[in-house]
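Written out below as structure tokens is the structure these notes cover.
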Amino acid sequence: MSKKEQKTWPLIRPVLKKYIGPEKGLVMMGILSGVVAAAAAGFGLPFMLQHVFPVVFGESPAPEWLQQWMREYVAPEHLENAVLWGAAMLIPFIMFVRGMATYFNSYLLTWAGMNILTRLRTELFARLQWLSFSFHDRRTRGDLMTSVIQFTQNLQQQMVFVLNDLVIQPLTLVAAVAYLVYAAMTSDESAMLLGNLIISAACVPLVRLVGKRMLKQMRKALSGMNVITATVEESFAAQREVRAFNLEKQREEMLQKHIRGFNGALIRVAAWQQALSPAVECVCAVALAYSLYRGCGSGLTLEQFTAIATAFYFCYDPVKRLGSVANQVQMMGLVIENLNSILNAKDETPEPVEPVALPAKIDGRVDFENVTFGYSSAKTVLKNINVSVPAGQIVALVGPSGSGKTTFINLICRFYDAQKGSVKIDGVDVRKLAREDRTRVIGLVSQFSALFRDTIRENIRVGRAGASNAEVEAAGRQACVDEFVQSHPDGYERVLAEGGTGISGGQKQRVSIARAFLKNAPILILDEATSALDMKSEAVIQKSLDKLAEGHTTFIIAHRFSTIRMAQRILVFEEGRIVADGSHDELYNSCVLYKSLYDEQVKQAQEGKETPTC
């Protein structure tokens, strides 16, 4: 076994044990069927060629024990015909047994494989749902989609292939070798012939050579598949930009380039894979031809040679197939490496071992104590943040893009963990809170509303699972969803397409805001919550937001100063620090950065005939 194989098996073994274990009933029945098929093929057919066919064609008599048994049930004048008929019926019987056993072997192992695929995909998807945002930042969505869909499919197919051939082919080989040993023990000529067939052992280095070449190209193919999926996903996600900047041809050429690279690797895999079969056949044919030459000179009969040649065929075919199994095992190792990078990835925001339980009703105080954070070690985004937000206070976060406002919000939600210091809710570090408790007390309305392929009612109910229809509709009225829902015949039962296609951006945002109304969490985060609304819609919904924020600890991120007029307190961010903290009037007179940002807004508003209110 090569060093690569020694490394691959420990990688594969726990995966096979984990996913095949629950399907051991189907797998064992499939394997048993394979055993029957292997015995019928490897021993049954050669035995018929040497011992049954000569009886059928009258070249040799039936065994004495068979003739004595048949004399008890068949008249002497019909004995010869009965022997002929019985011998002939063995042919369809053996082929029927082999065919049915092969069918059930394939069917049962495929059934088990599909169950394995379901569990594997579900576990992989669930793991991705729980892994931290840091992990998702490092991996492209196309890469992850390939892992969940394509690589799991590859692994399922490889498992079925390996399970099937790892049982059937060795057993076929054993059955064929058993017949060859039987032939050698009953005939000196056959023993000589078998000695000459040892030359076929030259197949082994061929199999290993092909396996190494295939593995190298398969690595390139798997990497190429990731790139193709990422390119397609990226283009679909940026359709507006692609069309606005006339990038269709460029993206098409880029995809063609990646596909050509992927296809080239696959073609080379196929070339080496297909080379294995004729190479093994040529080696075995040379061995068989030499044996035929030696056998004829030693008095070997046609029946003996035909039977041994058939058994030999059932020897070298498993050897060839086992070579493919070895190659598939190596490919499984590549796929499992990729899947393990997800399944065994470190969760950078793990659940606490002994979580601190929050009471059913909390105040909603938020404290940052000496918090420092960076998305990478090269750049710090927040630097030594110390701020306390009392329960029920409405706080606006302002500052230039990239100054750390959204990161500040991310740490409250524990999308990331602070590298230094702590973020606390009602005095409890968010790292000590169970995810269910933490999400229960935080309501988030982000800039980009994510709607799901479902009804508007169920999209609002995301805010609080189990809410009644009346509660959902009440939240919809508060967020002004009623204005566009009631104009459609299906109302709240209207089914949205992927990403909420079918309603406008502002309408999507209203559905997202309705979720916050329904959730009614003590801590509310509005991250550009009205950015997708026109001025008229914003004015209407702002009254609802004012009402929603009452009694809640509220954080508002907005570039339009008109949307933060309800803030009781403003935090000004610059290059990862809070450089000012106070009311609008205090900051306008004391903070140069805030004054410049506000004045610029006023200028833009006047040019657009819009008057900001703050």
Side-chain angles (χ1 to χ4, degrees), residues 129 358 360-362 364 392 394 409 413 435-558 560 562-566:
Q129 297 285 76
L358 285 175
K361 183 174 177 59
I362 71 166
I394 302 174
I409 295 301
C413 297
R435 186 173 302 201
E436 183 178 353
D437 253 357
R438 190 178 66 254
T439 55
R440 173 176 62 84
V441 300
I442 299 175
L444 172 64
V445 181
S446 61
Q447 180 178 2
F448 303 104
S449 303
L451 302 188
F452 303 101
R453 192 192 299 268
D454 210 332
T455 63
I456 292 177
R457 184 185 305 280
E458 293 305 317
N459 268 285
I460 295 175
R461 192 174 272 132
V462 166
R464 177 159 55 89
S468 67
N469 288 344
E471 290 174 319
V472 169
E473 291 173 17
R477 285 191 295 273
Q478 289 176 298
C480 303
V481 172
D482 263 10
E483 291 183 10
F484 68 89
V485 165
Q486 298 303 336
S487 63
H488 192 277
D490 293 336
Y492 281 91
E493 300 305 319
R494 179 181 179 183
V495 177
L496 301 179
E498 181 181 359
T501 303
I503 60 177
S504 69
Q507 290 170 343
K508 293 178 187 178
Q509 198 72 336
R510 293 187 197 185
V511 173
S512 182
I513 293 171
R515 292 172 177 169
F517 276 106
L518 183 63
K519 189 170 188 178
N520 195 27
I523 299 173
L524 177 65
I525 296 172
L526 305 176
D527 185 2
E528 295 286 355
T530 59
S531 62
L533 302 176
D534 55 46
M535 295 309 300
K536 181 179 178 181
S537 298
E538 181 186 352
V540 173
I541 208 168
Q542 190 66 49
K543 296 178 182 178
S544 298
L545 290 176
D546 291 345
K547 182 179 179 181
L548 176 63
E550 289 178 4
H552 296 78
T553 308
T554 305
F555 295 89
I556 305 170
I557 298 178
R560 288 204 300 240
S562 59
T563 61
I564 62 172
R565 67 174 185 270
M566 63 179 176

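Everything numeric in this text was worked out from a predicted model, so none of it was measured.
- Put simply, the side chain of H488 gets close to the backbone of D490: a donor and an acceptor are under 3.5 Å apart.
- Contact check for V481 versus F517: no side-chain heavy atoms found under the 4.5 Å cut-off.
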From CA spacing to verdict: side-chain contact (heavy atoms from CB on, under 4.5 Å), V462, K519: CA-CA 9 Å; V462 166; K519 189 170 188 178; over 6 Å; no
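- Of the possible donor and acceptor atoms, none in the side chain of R461 sits under 3.5 Å from a partner among the backbone N and O of G466.
- At most 12 non-hydrogen atoms from other residues, nucleotides or ligands lie less than 6.0 angstrom from CD of E436.
- Pairing each heavy atom of T554 with each of A549, the nearest pair is OG1-CB, 3.6 Å.
- Inspection of the E458 and T455 side chains reveals no N or O donor paired with an N or O acceptor under 3.5 Å.
- Nearest heavy-atom pair across S446 and Q509 is O-NE2, 3.1 Å.
- For the 3.5 Å distance criterion, the side chains of D482 and Y492 qualify, holding a donor opposite an acceptor.
- Note that CZ of R453 and CG of L451 are 12.5 Å apart. Values are rounded to the nearest 0.5 Å.
- Here the shortest heavy-atom pairing between T553 and G392 reads OG1-N, 2.9 Å.
- The heavy-atom pair separating G491 from I456 by the smallest distance is O-CD1, 4.3 Å.
- Residues I460 and V511 come closest through the heavy atom pair CG1-CG1, 3.9 Å.
- Listed by chain and number, the residues in a side-chain hydrogen bond (donor to acceptor under 3.5 Å, both in side chains) with E493 are R457 (sequence neighbours excluded).
- For the atom pair CD (E473) and OG (S468), the distance works out to 8.5 Å, reported to the nearest 0.5 Å.
- At a threshold of 4.5 Å between non-hydrogen side-chain atoms, the residues I442 and F555 do not count as touching.
- Atom NE2 in H552 sits 10.0 Å away from atom CD1 in I394 (nearest 0.5 Å).
- Side-chain atoms of R515 and N459, non-hydrogen and from C-beta on, do get closer than 4.5 Å to each other.
- Between the CD1 atom of I556 and the CG atom of D527 there is a distance of 11.5 Å, given to the nearest 0.5 Å.
- Rounded to the nearest 0.5 Å, atoms CG (L526) and CG (L444) are 8.5 Å apart.
- The side-chain hydrogen bond (donor to acceptor under 3.5 Å, both in side chains) test applied to D454 returns no partner, not counting sequence neighbours.
- Take R477 and apply the salt bridge (Lys or Arg N to Asp or Glu O under 4.0 Å) test, not counting sequence neighbours, and it matches no residue.
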Evaluation steps, side-chain contact (heavy atoms from CB on, under 4.5 Å), between L518 and Q478: CA-CA 9 Å; L518 183 63; Q478 289 176 298; over 6 Å; no
Chi angles and distances behind the side-chain contact (heavy atoms from CB on, under 4.5 Å) call for I503, R510: CA-CA 11 Å; I503 60 177; R510 293 187 197 185; over 6 Å; no
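- Of all heavy-atom pairs spanning A514 and A475, the tightest one is O-CB, 3.5 Å.
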